[in-house]
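We use all heavy atoms of the structure for the numbers below, so side chains are in, but hydrogens, waters and symmetry mates are not. Chain identifiers are assigned alphabetically (A, B, ...) following the order of the sequence lines, protein sequences preceding nucleic acid strands; residue numbering begins at 1 within each chain.
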Amino acid sequence: MSEITLAKSYSPSEHEPSVLARWSSANCFHASPTDSGEPYSIFIPPPNVTAALHLGHALNNTLQDVLIRVARMRGMNAMWMPGTDHAGIATQSVVEKRLAAQGKRRTDFSREEFVAKVQEWKDEYESTILAQLKEMGASCDEKRTRFTMDPVCTAAVREAFFLLFQDGLIERGKRIVNWDPVSQTAIADDEVEMEEVDGFFYYLRYPLEDGSGHVTVATTRPETMLGDTAVGVNPRDPRAAGLRGKRVRLPIVDRIIPIVEDDYVVMPVALGGDPADGKSLFASGFLKVTPAHDPNDWELGRRHGLPAINVMAPDASMSDRHGWTDVSPAAQAFVGLSREAARIAIVEWFKKAGLLESVKPYRHSVGHGSRSHVPIEPYLSDQWYVRVTDARLSTSALRAMDPAQFDGSRSGLAGEARDGDGGLKFFPTRYAKTFQHWHEGIRDWCISRQLWWGHRIPVWSKSFDAATAPAAGTWSAQGAAEMRRTLPDGQLELFVCLPESLDATLAPALAAIGFVQDADVLDTWFSSALWPMSTLGWPNSGRFEMDGMLDTFNPSAVLSTAREIITLWVSRMVMFNRYFLNGRLPFRHVFIHCIVQDGFGQKMSKSLANGVDPRDIIATHGADAMRFVLTQMSTATQDVRLPVDVLCPFTQESFAPKTITTDVGHVVAAPVQSCPTDLGRGDLGRKMVSAYGYASGSAVPTADMPLARNTSSRFDAGRNFATKLWNASRFALAQLGTATPSSDSPPAVVPVALADRWILARFARAVDGINGSLAEYQFNPVADALYDFVWRDFCDWYLEAIKPTVKNDPVQQAVLRGVLDGILRIMHPVMPFVTEVLWTPVSAIATAPVRGLELPTSPLAATSRWPTPDASLNDARAIESFERVQSLVIAIRNVRGERQVNDRRKIVLHAPKEVLAIVAEGGGAVETLAGIDRVEAIGASPRPADAVAFPFMGSELCASALVDAVDVGAERKRLEQTIVDRVRVIGGFEGKLSNAGYLAKARPEVIEQTRQMLGEAQADLVAARRALDVLSTMV
RNA sequence: GGGCGCUUAGCUCAGCUGGCUAGAGCACUGCCCUUACAUGGCAGGUGUCACAGGUUCGAAUCCUGUAGCGCUCACCA
């Protein structure tokens, strides 16, 4: 056996690229339907191509990688599908922002030109993202990488849309949508974020037509009054009767509008309104009704047959070109104003006209675009909807839920029992509720987006005079799907939806007779919802050479994602997968991971520049360190705070930055930081620009004042752990360098030494624990179990204990080799790089196998088998015995530590019979670990004058030869402290045991344990008191 | 306003179905550069488990309430 030498410490950057190259050339992450093993698949939540991956992605992908690597090692046919999402609005808006910086707009280009520009952005970030995934060690099936606008995904989108259209689950409707005036598109409910803003309630007087007075309406949005078509009053309002039949002359516009009675209108408290309803405190009892600019007014308008007058353009400026025809000369002055300017101008007008009754400040939440961050305009427009309220979709999603996680009874849910019912489980379970409640209150899903970047809606339309319209079925007979509706002007509007296969033939034919394809694209989530199907070739796997993929890898094992995705994505995948695949689930488990926040509990965001770039952590700490710490941070109940440090560009030291509070109350790094470290090179006090300073533009980096990157010292623990494993392996390899097996296939050894039996038992328990935690998606205990076993058990105890013996003990060498091999395997999913590097030298060592520890060889750690230690290795007696050894060692070290005995000094232990038995049981471990030269039976020889007594498990022990002279005073103090402590503890135990209720009701073994502990504590007390007496005689 | 969480050591967090003297990492103190590792070793101090009630022989753990924080859904009269 040749000597194996490793560098003194592990250098991630030196090894990571070659490890990646080895995995890549072994092609070991590629899975195919014909591979052996039970299928186990995970679909990556495709990251948006808007930006590089952040720490949240790193967390989610690390956890997925842990799962997929373990599955692969268990011999399953493991497939992790990677890819990216085109993220319609988000990507289009970042590109538009970039153009705006050059003074250009989207409309300066043709649709094709603009899409090409977005495509460039996409290409850049897609490759960045895929490279990042690779760098962090994600074992994705790289060859299957998808993008949501790939032809294979597009084919699925086309098919899904066509089928839903054909089945009547897609409809066209004029409704109030959430309109984003910046991106000028409709967005879905869940793309709207509520933000608290300080606004005002304006009380406006509307004169009655007959001149008999006025009514006062209350509004927060006076600018919409131009579109009012009624005033509402509650029929129970005492004033209602007197106003019945009267009409109002709308100021400015001079429109005559009716007063309608509707229960929806909230009455003021003074007139009997419910004070619990916040609105009643501000209500005047009269509601201005603006059907085109308020969803509730729209509904009210429908109930009363009111017209809807849209007074705004798509950019939310006041406009007479989108449905407003009765523009009075007075109103003309407001046309063209922005909604903000119009609000001011209209209030001013009312004031001048004496019609402004009052203004009250009012704090309320207003919907803002999640991308644009401007207030959403409720806007009347024609959009495409998926009728997710249909039982075939929403109820199907509810039926998918595990009955045990369902809140209430599932029995009332419509539909016949189907494959997949009840098969969907959430981890942690409480998130099932989010899923359930979302579907119980679900609303139709607006899927059209007025964007250029995305899947174009495959519908062609044209209006006809009812008399000349083509007969129904004209196009469905040719394989298309059609729909028609009558417009208010009596015209008939025909919609023809084409499957992809008819694009070449029917599309030109439709165009030839004046049909036009819908200009809009689909909501991004429409294609995301199909991700677990589209990436596997649905609906036509043969076309993309993916035979067998869909049936092998769908359903996937688990979807790992963040909370807010439950409604945005999980729901839609469940509904679509079940709808198109006859009830089949897209995944069996949904795992919701925690959110990484900064040290002040704030979300990490670009604007606060409080994020940490995974690439920076990989560069400074290594991918393994990042992965380990992220795994350790993944707790089930709490989001986790990651204090963000600044990496000083001068010293490369990290430090906690000085912070400031922004005017909206965010805590951020001060724009300019100064170097706090003095390395004697004059760096102390040198200035640098923080990430926040750069992002906010409040400080500009220069050569003298460079940009400092964010980092976090939390990742140090991972780096240290990798180094520890590296050095432990290095040591073990040195011990095993001389190992020579007795034959080519030596018989399995059965260890007898306590330390060996103990470490094997601990290993078996560690593996059990890890298996159990993984099954529940509890990652923090996995990391802790690894850390405890490797660092505490293996390094601190086992390696130290076997140092004197291992070189000459082939059985012990076999154990050491076996456990180290096992460690590399169980560590591999979390720390794949360092384990892969160590795998080569460790697997080159030949020793006999250990009975019960089967570890089949493998060229790579990545393809090795997950250990399945035999139950016989879990030796409870070995663990008990070794724990006694540990207690004894700790007691002796404690004495040494207090006296500051040099580690190299060997001492003499004087102990009674029971303790001598423990020492003997340890087989030398006590002597090695506690630095003992000689053990003597207490009383066998006269007690040495320098002996120091200390209690241990009810016995009195002595240590001698500790120091050259005893400090009696210090000794007395120590013993007195021990006595005080023991008395306190004894009091606690006696209290319990003198409690009749405790004796009567507590479990017998608990009582017995208490008695035992009391006995030991009492004996310790006696021993300490006796030692104190002995000490007194010495003075 | 509805729902879901959280509050344990200076910091970041574990503590499952109530029962060892409440733990880990970091930070801190002392000693040690002992031939795997100073990105290290040994030892050590540190907590009215947010607060108030209740259930129980026994509560960090279960129940109720209060306060603070976070997320989420709804609400833009």
Side-chain angles (χ1 to χ4, degrees), chain A residues 6 8-10 189-190 194 197 199 201 217-221 265-266 276-284 286-288 294-296 362 364-367 375-376 378 428 430-431 433-434 437-438 441 563-564 566-567 595 597 599 601-603 621 625 629 632-633 635 637-643 713-714 716-717 719-735 776 778 780-781 784 787-788 795-796 799-800 803 890 893-898 900-904 931 981 984-985 988-989 992 995-1003 1005-1007 1009-1010 1012-1013 1017:
Chain A
L6 297 177
K8 209 173 165 187
S9 69
Y10 173 62
D189 293 339
D190 38 43
M194 304 311 285
V197 297
F201 250 112
V217 297
T219 180
T220 55
R221 304 188 57 213
V265 181
V266 175
D277 182 349
K279 287 174 187 166
S280 64
L281 301 170
F282 286 89
S284 69
F286 295 102
L287 175 70
K288 62 188 276 304
D294 183 290
N296 296 311
Y362 181 55
H364 61 155
S365 38
V366 174
I376 289 305
R430 63 177 181 276
Y431 293 113
K433 232 177 214 176
T434 309
H437 292 161
W438 164 260
R563 276 195 291 273
E564 71 268 20
I566 297 170
T567 52
I595 306 284
Q597 304 165 331
Q602 306 166 125
K603 259 191 183 166
H621 292 73
V629 171
Q632 198 176 33
M633 289 193 323
T635 61
T637 50
Q638 285 221 110
D639 287 335
V640 85
R641 291 181 179 200
L642 184 85
S713 56
R714 282 291 298 276
D716 294 354
R719 185 192 52 194
N720 298 352
F721 191 31
T723 303
K724 188 72 181 178
L725 175 64
W726 177 267
N727 278 298
S729 305
R730 199 158 69 94
F731 171 73
L733 289 167
Q735 306 306 305
E776 298 292 322
Q778 293 174 347
N780 162 335
D784 285 347
Y787 187 92
D788 285 345
C795 294
D796 289 351
L799 290 184
E800 294 301 329
K803 270 181 180 175
I890 288 168
R893 281 177 176 173
N894 189 329
V895 172
R896 294 180 64 123
E898 275 172 350
Q900 305 196 339
V901 177
N902 188 295
D903 287 356
R904 270 170 298 183
D981 177 64
R984 182 182 63 85
V985 168
F989 290 142
K992 273 190 174 184
N995 181 330
Y998 178 73
L999 295 174
K1001 297 187 184 173
R1003 285 202 311 276
E1005 60 268 30
V1006 172
I1007 298 174
Q1009 213 168 19
T1010 308
Q1012 207 176 323
M1013 288 187 299

Categorize A:Ala218 for me: base, sugar-phosphate, or nothing, with a 4.0 angstrom heavy-atom threshold over every strand shown. sugar-phosphate
May I ask you to verify if any side-chain N or O of A:Lys803 is less than 4.0 angstrom from the OP1 or OP2 atom of B:U34? no
Short side-chain N/O contact from A:Lys8 to OP1 or OP2 of B:G40, under 4.0 Å: no
Can you find a side chain N or O atom of A:Arg221 that sits less than 4.0 Å from OP1 or OP2 on B:C76? no
To the nearest angstrom, how far is A:Ile890 atom CD1 from B:G41 atom P? 15 Å
Tell me whether the side-chain N/O atoms of A:Asn894 come closer than 4.0 Å to OP1 or OP2 in B:G44. yes
Are any of A:Thr635's side-chain N or O atoms less than 4.0 Å away from OP1 or OP2 of B:A14? yes
Give the nucleotide from the list B:C75, B:C71, B:U39 with an atom nearest to the side chain of A:Thr723. B:U39
Using atom C1' of each nucleotide, how far apart are B:A14 and B:A24 to the nearest Å? 7 Å
Please figure out whether A:Tyr787 or A:Asp639 has its closest RNA chain B nucleotide nearer the 5' end. A:Asp639
With rounding to whole Å, what would you report as the distance between B:C6 and B:U12 at their C1' atoms? 14 Å
Under 4.0 angstrom, heavy atoms only, what part of the nucleic acid is A:Tyr10 near: base, sugar-phosphate, or nothing? nothing
May I ask which nucleotide in the shown strands pairs with B:G19, Watson-Crick or G-U wobble, both distances under 3.5 Å? B:C57
Report which part of the nucleic acid A:Phe286 touches: base, sugar-phosphate, or nothing (heavy-atom distance under 4.0 Å, all strands). nothing
Rounded to whole angstrom units, what separation is found between the OH atom of A:Tyr362 and the P atom of B:A77? 8 Å
Hey, which of A:Gln632, A:Gln597, A:Met633 is the one that makes side chain to side chain contact (heavy atoms under 4.5 Å, CB included) with A:Val640? A:Met633
Just to be sure I understand the rule, does A:Val217 reach a base, reach only the sugar-phosphate, or reach nothing, if contact means heavy atoms closer than 4.0 Å? nothing
Rounded to whole Å, please give me the gap between CD in A:Gln597 and P in B:G5. 17 Å
Can you tell me the distance, in whole Å, between the CZ atom of A:Arg430 and the C1' atom of B:G3? 12 Å
When the P atoms of B:A50 and B:C13 are considered, how many whole Å apart are they? 15 Å
Would you indicate which nucleotide in B:A77, B:U12, B:G25 comes nearest to any side-chain atom of A:Pro643? B:U12
Out of B:A77, B:A43, B:C13, minimum distance to the side chain of A:Val640 belongs to B:C13
With heavy atoms under 4.0 Å as the rule, sort A:Ile566 into base, sugar-phosphate or nothing. nothing
Which sits closer to the 5' end of RNA chain B, A:Cys795 or A:Gly897, going by the nucleotide each is nearest to? A:Cys795
Spacing between A:Phe731 atom CZ and B:U35 atom C1', to the nearest angstrom: 10 Å
Once you apply the 3.5 Å cut-off to both distances, tell me the Watson-Crick or G-U wobble partner of B:C4, or none. B:G70
P atom, B:C16 versus B:U72: distance in rounded Å? 27 Å
Which of the following nucleotides, B:C37, B:G70, B:C71, is nearest to the side chain of A:Asn727? B:C37
Spacing of the P atoms in B:G15 and B:G23 (rounded, Å): 15 Å
Whole-Å gap separating C1' (B:C42) and CD (A:Glu800): 10 Å
A:Asn727 side chain vs A:Thr723 backbone, donor-acceptor pair below 3.5 Å: yes
Base partner of B:A38, which must satisfy Watson-Crick or wobble distances under 3.5 Å: none
For A:Asp716, report the nucleic acid contact type (base, sugar-phosphate, nothing); a contact means any heavy atom under 4.0 Å. nothing
Same-atom distance (C1') from B:C26 to B:G45, integer angstrom: 16 Å
Can a cation-pi geometry be assigned to A:Lys724 and A:Tyr787, taking NZ or CZ under 6.0 Å from the six-membered ring centre and within 45° of the ring axis? no
B:C4, OP1 or OP2 - any side-chain N/O from A:Lys433 closer than 4.0 Å? yes
With a 4.0 Å cutoff (strictly under), does any side-chain N or O of A:Arg904 reach OP1 or OP2 of B:C33? yes
When the C1' atoms of B:U35 and B:G40 are considered, how many whole Å apart are they? 14 Å
How many whole angstroms separate atom CZ of A:Arg641 from atom P of B:U12? 6 Å
Using whole Å, report how far CZ of A:Arg714 lies from P of B:A27. 12 Å
Between A:Ser9 and B:C37, is there a side-chain N or O to OP1/OP2 distance below 4.0 Å? no
Distance between P atoms of B:A59 and B:G18 (Å, rounded): 13 Å
